[in-house]
Amino acid sequence: MLDIKLVRTQPEQVVAGLAKRGFQFPMETFSKLDEERRRKLVEVEQLKNKRNTVSKEVGRIKAAGGDASAIIQEMQQVGEAIQQLDNEIRQVEDELNRLMMEIPNIPHESVPVGEDESENKLIRSWGEPRCFDFEPKSHDEIGIGLGIMDFERAAKISGARFVVMKHWGAKLERALVNFMLDVHTGENGYTEVFPPFLVNRASMTGTGQLPKFEEDMFKVTPGDYYMVPTAEVPVTNLHRDEILSAEQLPIYYAAYTACFRAEAGSAGRDTKGIIRQHQFNKVELVKFCKPEESYAEHERLVTDACKILEKLQLPYRVMLLCTGDQGFSAAKCYDVEVWLPSFNTYREISSCSNFEDFQARRANIRYRPAPGAKPEFVHTLNGSGLAVGRTVAAILENYQNEDGSVTVPDALRKYLGVDVIR
RNA sequence: GGAGAGAUACCCAAGCAGGUUGAAGGGGACGGUUUGCUAAACCGUUAGUAGGAGAAAUCCUAGCGAGGGUUCGAAUCCCUCUCUCUCCGCCA
């Protein structure tokens, strides 16, 4: 959520910032609601003040054995007026709130202005795509060939966009989760968290998935639960409605969860293979930090994610998303993309965002800069470290051999216990 | 799922037959006195927060788990919900 005071005091800046990502801020509606709210607030608070003083007076009169029926009757009308105004204010506030909740974040000044992914900016690339002296297969062909992926039975037991991983495939998935968590907790200073996979509506609202993106989520009955689309949701919400101390910051969390996405609106895209599934595994990195540190933390977050790919010796590139391609809550976002030979291109395997105080304001996550000082919103960041399913795909494709076997990357051998999957 | 108990400020906790109680008391924290230092003792301070008015000083409103209701007036009465604890049942 944007700072309502910023909208009030610097409207041009807000409108211009949002215009960069192609969003038109409804300034007229906003001003009307905002002014109406404040006008009515002044009115009702005066009435409440009157009621408070007079009610105390009533108590005094009655205690002294006097008759207060005249003022009581007068106050009845004041009470009705207050109730009426309170209702009106609630309506206005609901409306204002609904409006503010659907306003995306303002892009940071360092974000290139552009309409879609074609205008994203290449920051750097690492590693050379391998030259094959045979026709490389796609990861799903390899997986089916090795008997480690079963799409048909997945369709039988669940449906489209699911896969059953078997034998070395299942072990590879598990090995990668362990490997990633070990690197992030052991070398990069993150604290491991294993959160619930079902969260409530407040959590989904806190990180920005709701109210706008309800159709992207799986809703669970009974209960008002949502299946997590990413560990970002439970982990960021760990500190919802909290005031952290300055010494606690920065906080680094690394969390593995399965992730669940309805993928509404992506029908027909990536239907083959495990690139786009309703359920996939991911290790997520989440940071809470002081505002002045968030952009430096953001760079380090990207480095931490890339480190996994480097250890696995998988070629990748880092893209800075343009204003039009950024997510709803992000102020700035880098995508890390891994080389996939069968696609003959790089595909997103991690998305690292700085949300500044956008999520913190929604989720009410603050810190006290100094003892006794006024609390301020923290900045939150997160990034995949990494999407496990896509890492499996990348390993199978980049490490495939002509005979259909797959060489295991050095870094994974101690986790998997074999050098070659065949 | 059944039965019961509870949720009050940083923590514990009183108040709950409605009215100078936005909150007794204790602990903690902070400040001070005493002291060679520490401890102890004694004295003092201690809602934080959100919203609003104002140039400012400052003032007002909300707030006793959350949301409604009754009333001139609610921590106290009524309704709904959430969470915690105890016992029973069930279960990995």
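What you see is a predicted model, and the numbers here were worked out from it, not measured in a lab. Numbered from 1 within each chain, the chains take letters A, B, ... in sequence-line order.
In summary, A:Lys40 and A:Asp86 do not engage in a salt bridge, as defined by a charged side-chain N under 4.0 Å from a carboxylate O.
On the P atoms, B:C30 is 14 Å away from B:U38, given to the nearest whole Å. One P atom belongs to B:U49, the other to B:C10, and the distance between them is 10 Å to the nearest Å. With P as the reference atom, B:U70 and B:C16 are 25 Å apart, rounded to whole Å. Straight-line distance between the P atoms of B:G73 and B:C88: roughly 47 Å, to the nearest whole Å. Nucleotides B:G22 and B:A74 are separated by 13 Å at their C1' atoms, to the nearest Å. B:C81 sits 27 Å from B:G89 when the P atoms are compared, rounded to a whole Å. The separation of B:G27 from B:C78, taken at their P atoms, amounts to 35 Å, rounded to a whole angstrom. Look at the P atom in both B:A62 and B:A75: the space between them is 10 Å, to the nearest Å.
With rounding to whole Å, A:Leu47 atom CG is found 15 Å from B:A53 atom C1'. A:Glu242 places its CD atom 14 Å from the P atom of B:C10, with the value rounded to the nearest Å. If you take CZ of A:Arg39 and P of B:A53, they are 13 Å apart, rounded to a whole angstrom. Rounded to whole Å, atom C1' of B:U61 lies 10 Å from atom CD1 of A:Ile89. Rounded to whole Å, atom P of B:A50 lies 13 Å from atom CE of A:Met1. If you take CD of A:Gln76 and C1' of B:C72, they are 7 Å apart, rounded to a whole angstrom. Distance A:Ile71 CD1 to B:C72 P: 13 Å, rounded to the nearest Å. Per the geometry, CG belonging to A:Asn97 stands 17 Å off P belonging to B:A50, to the nearest Å.
Look at B:C72: its Watson-Crick or wobble partner, with both distances under 3.5 angstrom, is B:G19. Across all strands shown, B:U49 is found opposite B:A62 as a Watson-Crick or G-U wobble partner, with both distances under 3.5 Å. Applying the Watson-Crick and G-U wobble criteria (two distances, each under 3.5 Å), B:C83 pairs with B:G6. Nucleotide B:A14 is matched to nothing when pairs are restricted to Watson-Crick or G-U wobble geometry with both distances under 3.5 angstrom.
Closest to the A:Lys56 side chain, of the nucleotides B:C60, B:G22, B:G73, is B:G22. Across B:G52, B:U61, B:G73, the shortest atom-to-atom separation from the side chain of A:Lys5 is found for B:G52. Distance from the side chain of A:Lys374 is smallest to B:A50 among B:A50, B:C72, B:A62.
There is a side-chain donor-acceptor pair under 3.5 Å between A:Asp304 and A:Tyr190.
Phosphate proximity of B:C60 to A:Asn52: absent, as no side-chain N or O sits under 4.0 Å from OP1 or OP2. The side chain of A:Arg366 places an N or O atom within less than 4.0 Å of a non-bridging phosphate oxygen (OP1 or OP2) of B:A50. Between B:G68 and A:Arg90, a contact under 4.0 Å exists linking OP1 or OP2 to a side-chain N or O. When the side-chain nitrogen and oxygen atoms of A:Asn49 are compared with OP1 and OP2 of B:U61, one or more of them lie within a distance under 4.0 Å. For B:A53, the OP1/OP2 oxygens have a side-chain nitrogen or oxygen of A:Arg38 closer than 4.0 Å. Using a 4.0 Å cut-off, some side-chain N or O of A:Gln83 falls inside it from OP1 or OP2 of B:U70. For B:G52, one of the phosphate oxygens OP1 or OP2 lies less than 4.0 angstrom from a side-chain nitrogen or oxygen of A:Arg37. An OP1 or OP2 oxygen of B:G73 is reached within less than 4.0 angstrom by no side-chain nitrogen or oxygen of A:Lys62.
Across all strands shown, A:Val58 has heavy atoms under 4.0 Å from base atoms, whether or not it also approaches the sugar-phosphate.
With respect to A:His139, the side-chain hydrogen bond (donor to acceptor under 3.5 Å, both in side chains) criterion is satisfied by exactly one of A:Lys272, A:Glu397, A:Arg390: A:Glu397.
Each of A:Glu93 and A:Lys50 was assigned the nucleotide of RNA chain B with the nearest heavy atom; the assignment lying further toward the 5' end belongs to A:Glu93. Map A:Asn87 and A:Arg368 each onto its nearest nucleotide of RNA chain B; the residue landing nearer the 5' end is A:Arg368.
A:Asn49 has its side chain out of reach of A:Glu45: every pair of non-hydrogen atoms, C-beta onward, lies at least 4.5 Å apart. With a 4.5 Å cut-off on side-chain heavy atoms, A:Leu198 and A:Val220 count as touching. Between A:Tyr399 and A:Gln313, the closest side-chain pair of non-hydrogen atoms falls below 4.5 Å. The side-chain heavy atoms of A:Val283 and A:Leu386, taken from C-beta on, include no pair separated by under 4.5 Å.
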